[in-house]
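Values reported hereafter were calculated over all heavy atoms of this structure, with side chains retained and with hydrogens, waters and symmetry mates removed. Letters go in sequence order (proteins before strands), and every chain restarts at 1.
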2 protein chains.
Amino acid sequence: MKISKDILNCKHCVYRSLLFGQLDDKEYESINHARTEYVFKRGEVIKAEGENINSFLYMRKGLVKLYKTNKIGKDQILSINKPGDFINLLNIFSNSNYKYSIAALEETLVCDVKLNVFIEVVRNNSDFAFSVLNRISKISDETIERRFALAQKQIKGRVANILLFFAEEVYRDNKFRMPITRREVGELVSMTTENIIRTFSEFRKDGIIALDGKIITILDLKRLKNINKTG
Amino acid sequence: MKISKDILNCKHCVYRSLLFGQLDDKEYESINHARTEYVFKRGEVIKAEGENINSFLYMRKGLVKLYKTNKIGKDQILSINKPGDFINLLNIFSNSNYKYSIAALEETLVCDVKLNVFIEVVRNNSDFAFSVLNRISKISDETIERRFALAQKQIKGRVANILLFFAEEVYRDNKFRMPITRREVGELVSMTTENIIRTFSEFRKDGIIALDGKIITILDLKRLKNINKTG
DNA sequence: TAAAAAATATGAGATATATCATAACATATT
DNA sequence: AATATGTTATGATATATCTCATATTTTTTA
């Protein structure tokens with residue numbers, strides 16, 4: 001669903017300085033003019049793998065997953081993105097078409113800036129280009145580090161890692177509503193649904209977490225962190 | 001070992017246009033002036049994890065591995081780099097210290113450009129910044145794609161993938177000298193040495209490859225490609 | 001609101017991979 | 001040249017994870 005930009009007060013948007021701090025008013029205005037905001041409901045696909053990339057996207061609210069679907073229809077989740085993230089920056093300069101799909105995990109607000117306008121500004125403002133360079137570098141670095149860390153872990157370590165990710169990075173609370181299914185946790189860490197569920201149950205039996213449907217409470221953070229580190 | 005840059009004819013270096021096509025003569029001269037060339041023998045560490053990043057590096061000749069060492073001393077290989085690759089571009093804009101080590105797998109020639117000079121040029125030439133942006137994006141995209149593809153495969157598929165990488169991307173020959181040990185293949189695909197060796201033996205028994213110490217000949221490319229795809 | 005579909009839960013058995021052991025061979029070191 | 005160290009090789013066994021099956025609960029759809 002499209003929102004008129006008049007509704008939004010972009011001039012004082014928190015992302016004005018966070019993302020576009022290097023731009024002068026004229027440049028910012030051209031970005032702003034090429035922008036549309038969209039709201040997506042839980043489950044909606046924002047961009048599908050293979051689709052042409054014609055905008056620069058960033059999140060203002062919500063939660064999304066970046067994922068790939070293989071030939072036999074199985075998904076692999078690349079990452080979970082939160083407000084402030086540039087959800088297509090990983091592909092924007094290396095591909096003309098999306099190499100992954102993007103779907104909303106909860107109600108999500110996305111800013112969509114026409115790609116040619118965005119690139120025009122990048123090409124004419126080297127400070128901004130440098131800032132984009134730093135960001136893209138950080139994103140890829142984090143993605144690669146995360147994948148590498150996961151590859152070393154066995155299932156318990158991987159599940160602990162994901163629980164900590166939601167508790168510490170997404171919700172900043174030891175009690176939270178898990179926004180993805182057990183199957184999706186499996187798609188995120190390359191394990192089967194059954195084994196994710198079994199591991200959750202095991203953590204529950206061991207008093208590390210409490211489970212109430214989608215609501216998860218971390219009871220023993222120390223132990224969970226230790227499992228994340230060692231296994 | 002350091003080489004005087006006078007020995008090298010940088011002005012007509014093939015990388016002049018490949019890497020620095022967007023620079024004018026003055027900019028290129030400042031890069032050139034801040035550059036030193038080094039030769040590393042097989043096995044030598046070029047940069048160690050944790051070391052301060054104070055140069056932009058690219059390879060002119062040879063083969064290197066990028067790798068991380070975990071607490072218990074086990075290595076994980078991030079990627080194998082060849083001539084033309086920017087071996088530290090993944091970290092240069094996101095970290096002040098190396099997050100991986102770089103070691104030579106064969107005699108390797110590395111150009112080392114002082115980082116502050118390189119960044120100065122990036123910041124003042126947005127065309128060049130844009131070109132660096134494209135490159136860094138491609139590198140991270142390839143690294144992430146490769147990791148993701150591997151995560152889906154079982155050991156046979158992973159080994160097939162690595163054999164094809166050396167045959168098609170590195171040596172462009174069905175017969176080549178494997179530049180890494182079986183242990184290193186394992187570090188590259190997150191499998192144990194024994195299972196890599198067993199898989200090589202199995203491929204040999206199945207008539208897919210011929211083994212003569214480090215020399216590997218791919219006998220049945222079609223089947224190997226199929227294993228890479230499906231398994 | 002009922003019916004269908006998806007998600008959670010758990011067990012048993014199958015399979016892939018790791019671990020440990022041992023040996024032959026190759027490479028590096030003294 | 002002799003010795004030590006690392007690499008390749010293979011077998012036996014242990015372990016982790018997957019697959020298939022079935023039941024219950026929750027969510028979605030009609």
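- A salt bridge is absent between A/R35 and A/D112; no separation between the charged side-chain nitrogens and carboxylate oxygens falls under 4.0 Å.
- The distance from atom CD1 of B/I197 to atom P of C/dA21 is 17 Å, rounded to the nearest whole Å.
- For the residue pair B/N70 / A/Q152, a side-chain donor-acceptor distance below 3.5 Å is found, with atom types taken as modelled.
- The distance between atom CZ of B/R177 and atom C1' of C/dT27, rounded to the nearest whole Å, is 11 Å.
- Residues passing the side chain to side chain donor-acceptor pair (under 3.5 Å) test with B/E107, sequence neighbours excluded: B/K61.
- Counting to the nearest Å, the C1' atom of D/dT27 and the CG atom of A/L105 are 16 Å from each other.
- Ionic pairing of A/E194 and A/R183 is not present here: no N-O contact between side-chain nitrogen and carboxylate oxygen is shorter than 4.0 angstrom.
- Between A/R198 and A/E202 there is no salt bridge, since no side-chain nitrogen of the basic residue lies less than 4.0 Å from a carboxylate oxygen of the acidic one.
- Rounded to an integer number of Å, the gap from B/E202 CD to D/dA9 C1' is 14 Å.
- Remark: A/K214 is not in phosphate contact with C/dA7, judged by side-chain N or O atoms under 4.0 Å from OP1 or OP2.
- Rounded to whole Å, the distance from CD on A/Q152 to P on C/dA18 is 13 Å.
- In this structure, A/I196 places its CD1 atom 11 Å from P of C/dT8, rounding to the nearest Å.
- OP1 or OP2 of D/dT8 has not a single side-chain nitrogen or oxygen of B/S201 nearer than 4.0 Å.
- Put simply, B/R183 has a side-chain N or O that comes within less than 4.0 Å of OP1 or OP2 on D/dT7.
- For C/dT8, one of the phosphate oxygens OP1 or OP2 lies less than 4.0 angstrom from a side-chain nitrogen or oxygen of A/R182.
- Looking at A/N134 and A/S137, their side chains never bring a donor and an acceptor atom within 3.5 Å of each other.
- With salt bridges taken as basic N to acidic carboxylate O contacts below 4.0 Å, none links B/E142 and B/R147.
- Protein atom CG of B/L211 is 16 Å distant from nucleotide atom P of C/dC25, rounded to whole Å.
- In this entry the distance linking CZ of A/R42 with C1' of D/dT28 reads 11 Å, nearest Å.
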Within the 4.0 Å limit for protein heavy atoms, which parts of nucleotides 13-23 of chain D are touched? Write it as a string from 5' to 3', B for base, S for sugar-phosphate only, - for none. ---SSBBB---
